[in-house]
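So the structure is just underneath, and the comments pick up after that.
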Amino acid sequence: MSDEIEPRDFFVVVRDGKLLAYDYIAQRQFHISLDALAVLLGGPKLGQEQAAAQVKRAGLNHAFRVPWDWDALSQIFHFGTYLRRSAESDATHEESARRYVENCEGIMDALPGDAFATVRGVEPIDLGEDSVDDLGTLKDALERRITTRRFTRQRLQFRAVATVIRNAFRYREHDGDAYKKMGMFTPTKRRAAPSGGSLQSCECYLIADRVADLNAGIFHYQSHNDHLARVADLADDFSFARLFGDQGFSDDVSAAIIITCRFDKLMWKYRNSRSYRVALLDAGHLSQVVQMVATSVDIRTWPTAAFYDQDVSTILGLQPSNIEYPLMVIGLGSGNPNPFDRDLGDGFSSV
């Protein structure tokens, strides 16, 4: 492991009388001296190699790994996103409700122009209609849903995949009459899953490798018009496993839904770190709807957060300027329900 810390964003904590520098991008921790910290603070004035060399001379100890625990990064996320009482906490319920509406009106101009009409890719494909017969009962789906890790690489029917995506991610309109009666207006939309502030910060991408009547490729679902648009073709040597944490069995899925979050859609309204929690909840709610609908149309599912973030972002064509990043993956495929990794074979003779 390299013992050089790069002059980029990092944070420093004091623990047991020592300075610990967290390079959270590389996920490494360093013991550093005050002199090394001073060099890092002047990093922008130096070339990267020059700064790294000066830090090393100034007293940088080797990078080290520690067993996962309730570490500084975890605590920053958890405590840094606390909802704390403020002076307004003493307001009456009526005052709080009116302040909320006034705040929403005051920030409306900051709403991204394409917040509810996100367009990625080209060559839009109409998903057609799904019939009531495509979906069974909720009780049946709840009983049959299971995470599967053994897939048969068979082609999925396009209509079934379209039914899953449409019912989970399509925008629905709010009750306009109800808003009019309250003398209010909302630019937001609904989905089958709840969303923080009804902002619908999550987007849906489909990586289709083996889907009938759909050329293999990467697609973005346009929730506002019920279309799939092609983002890119799949490389000849494409591998799901290389994206999804080198989990070999994932190469057998036929397609995968990637749930991303456009943080600009979320944080224009909720302007604090706690909104990151909301993004995770939004993705989780949508994932559950995907799995319920997929189960109803006899598609096996495998939800996972074990994926290589940068690789997935790159293949989806996500742009840092859009502040959009992947949060969740649901593999789709065929086969008998089986939660055990195919690479375990028939299991162990004894446990």
Side-chain angles (χ1 to χ4, degrees), residues 8-11 22-27 73-84 100 103-104 106-121 165 168-171 186-191 193-207 218-224 229 231 243 256-290 303-330:
R8 61 186 178 197
D9 289 347
F10 65 96
F11 65 89
Y22 279 69
D23 181 346
Y24 55 86
I25 295 176
Q27 298 178 353
L73 196 57
S74 303
Q75 292 179 51
I76 285 174
F77 170 73
H78 187 75
F79 296 114
T81 59
Y82 258 27
L83 182 64
R84 299 188 181 280
Y100 174 76
N103 177 70
C104 291
I107 62 175
M108 193 64 70
D109 289 343
L111 175 70
D114 66 340
F116 298 97
T118 303
V119 174
R120 307 275 189 263
I165 292 175
F169 295 97
R170 177 175 58 85
Y171 286 155
T186 179
T188 65
K189 306 293 182 182
R190 291 191 305 110
R191 280 176 172 151
S195 172
S198 200
L199 297 179
Q200 312 303 342
S201 62
C202 290
E203 296 291 327
C204 168
Y205 291 81
L206 174 71
I207 302 179
I218 301 163
F219 303 84
H220 170 254
Y221 178 64
Q222 298 175 358
S223 298
H224 60 293
V231 173
L243 290 177
I257 287 174
I258 315 295
I259 300 176
T260 69
C261 179
R262 277 188 56 184
F263 288 97
D264 62 326
K265 285 182 62 174
L266 193 62
M267 294 181 173
W268 74 271
K269 179 177 181 180
Y270 299 120
R271 302 177 180 183
N272 54 66
S273 299
R274 189 177 179 84
S275 57
Y276 192 84
R277 294 192 186 195
V278 178
L280 299 179
L281 291 170
D282 281 4
H285 293 318
L286 287 165
S287 169
Q288 186 67 14
V289 175
V290 166
T304 184
F307 56 83
Y308 296 119
D309 295 72
Q310 187 56 58
D311 292 348
V312 172
S313 293
T314 298
I315 200 171
L316 297 183
L318 302 184
Q319 301 299 317
S321 58
N322 292 331
I323 322 179
E324 182 178 0
Y325 297 96
L327 295 181
M328 188 82 187
V329 169
I330 305 102

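Computation of the quantities below employed the complete heavy-atom set of this structure, encompassing side-chain atoms and omitting hydrogens, waters and symmetry-equivalent molecules.
Take F169 and apply the ring pair (Phe, Tyr, Trp, His ring centres under 6.0 Å) test, not counting sequence neighbours, and it matches no residue. Evaluation of the ring pair (Phe, Tyr, Trp, His ring centres under 6.0 Å) rule for Y276 yields F77, F263 as partners, not counting sequence neighbours. The side-chain contact (heavy atoms from CB on, under 4.5 Å) check on T188 picks up F116, H174, T186, S198, L199, with sequence neighbours excluded. Listed by chain and residue number, nothing satisfies the side-chain hydrogen bond (donor to acceptor under 3.5 Å, both in side chains) test with S313 (two or more places apart in sequence, or in another chain). Applying the salt bridge (charged side-chain N to carboxylate O under 4.0 Å, His left out) criterion to R262, with sequence neighbours excluded, gives D114, D264. Applying the side-chain hydrogen bond (donor to acceptor under 3.5 Å, both in side chains) criterion to Q310, with sequence neighbours excluded, gives T314. For K269, the salt bridge (charged side-chain N to carboxylate O under 4.0 Å, His left out) test picks out no residue, with sequence neighbours left out. Partners of V289 by side-chain contact (heavy atoms from CB on, under 4.5 Å), not counting sequence neighbours, listed by chain and number: A168, A192, A193, V293. Scored by the side-chain hydrogen bond (donor to acceptor under 3.5 Å, both in side chains) test, S273 finds no partners at all (sequence neighbours excluded). For Q222, the side-chain hydrogen bond (donor to acceptor under 3.5 Å, both in side chains) criterion is met by N225, not counting sequence neighbours. For D311, the side-chain contact (heavy atoms from CB on, under 4.5 Å) partners at least two apart in sequence or on another chain are L243, Y308. Considering only residues two or more places apart in sequence or on other chains, A115 meets the side-chain contact (heavy atoms from CB on, under 4.5 Å) condition with L111, P112, K265.
To the nearest 0.5 Å, the span separating CD1 on I315 from CD1 on I207 amounts to 5.0 Å. Rounded to the nearest 0.5 Å, atoms CD1 (I259) and OG (S201) are 10.5 Å apart. Annotation: the span from L327 atom CG to S287 atom OG amounts to 11.0 Å, rounded to 0.5 Å. Residue L206 holds its CG atom at 12.0 Å from OH of Y221, rounded to the nearest 0.5 Å.
In this structure, the side chains of L316 and I218 come closer than 4.5 Å at one or more pairs of heavy atoms. Within the 4.5 Å cutoff, no side-chain heavy atoms of H285 are placed close to those of S195. Side-chain contact between I165 and C204 is present, with at least one heavy-atom pair separated by less than 4.5 Å.
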Test log, rule side-chain contact (heavy atoms from CB on, under 4.5 Å), inputs I257 and M328
CA-CA 8 Å; I257 287 174; M328 188 82 187; over 6 Å; no
With side-chain contact (heavy atoms from CB on, under 4.5 Å) as the criterion, how do Y325 and D309 come out once you've worked through the C-alpha distance, each side chain's angles and the decisive distance to 0.1 Å?
CA-CA 8 Å; Y325 297 96; D309 295 72; over 6 Å; no
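Residues G196 and D282 come closest through the heavy atom pair N-OD1, 3.1 Å. Minimum heavy-atom separation, I107 to W268: O-CZ3, 3.3 Å. When every heavy atom of I258 is checked against every heavy atom of P326, the shortest pair comes out as CG2-CB, 4.1 Å. The two residues T118 and H220 have their closest heavy-atom pair at O-CE1, 3.4 Å. Taking all atoms of both residues into account, the shortest heavy-atom contact from A256 to V329 is CB-CG1, 4.4 Å. Annotation for R191 and C202: closest pair NH1-O, 3.0 Å, computed over non-hydrogen atoms.
The backbone N or O of Y171 lies less than 3.5 Å from no partner atom in the side chain of Q200, so there is not a single donor-acceptor pair.
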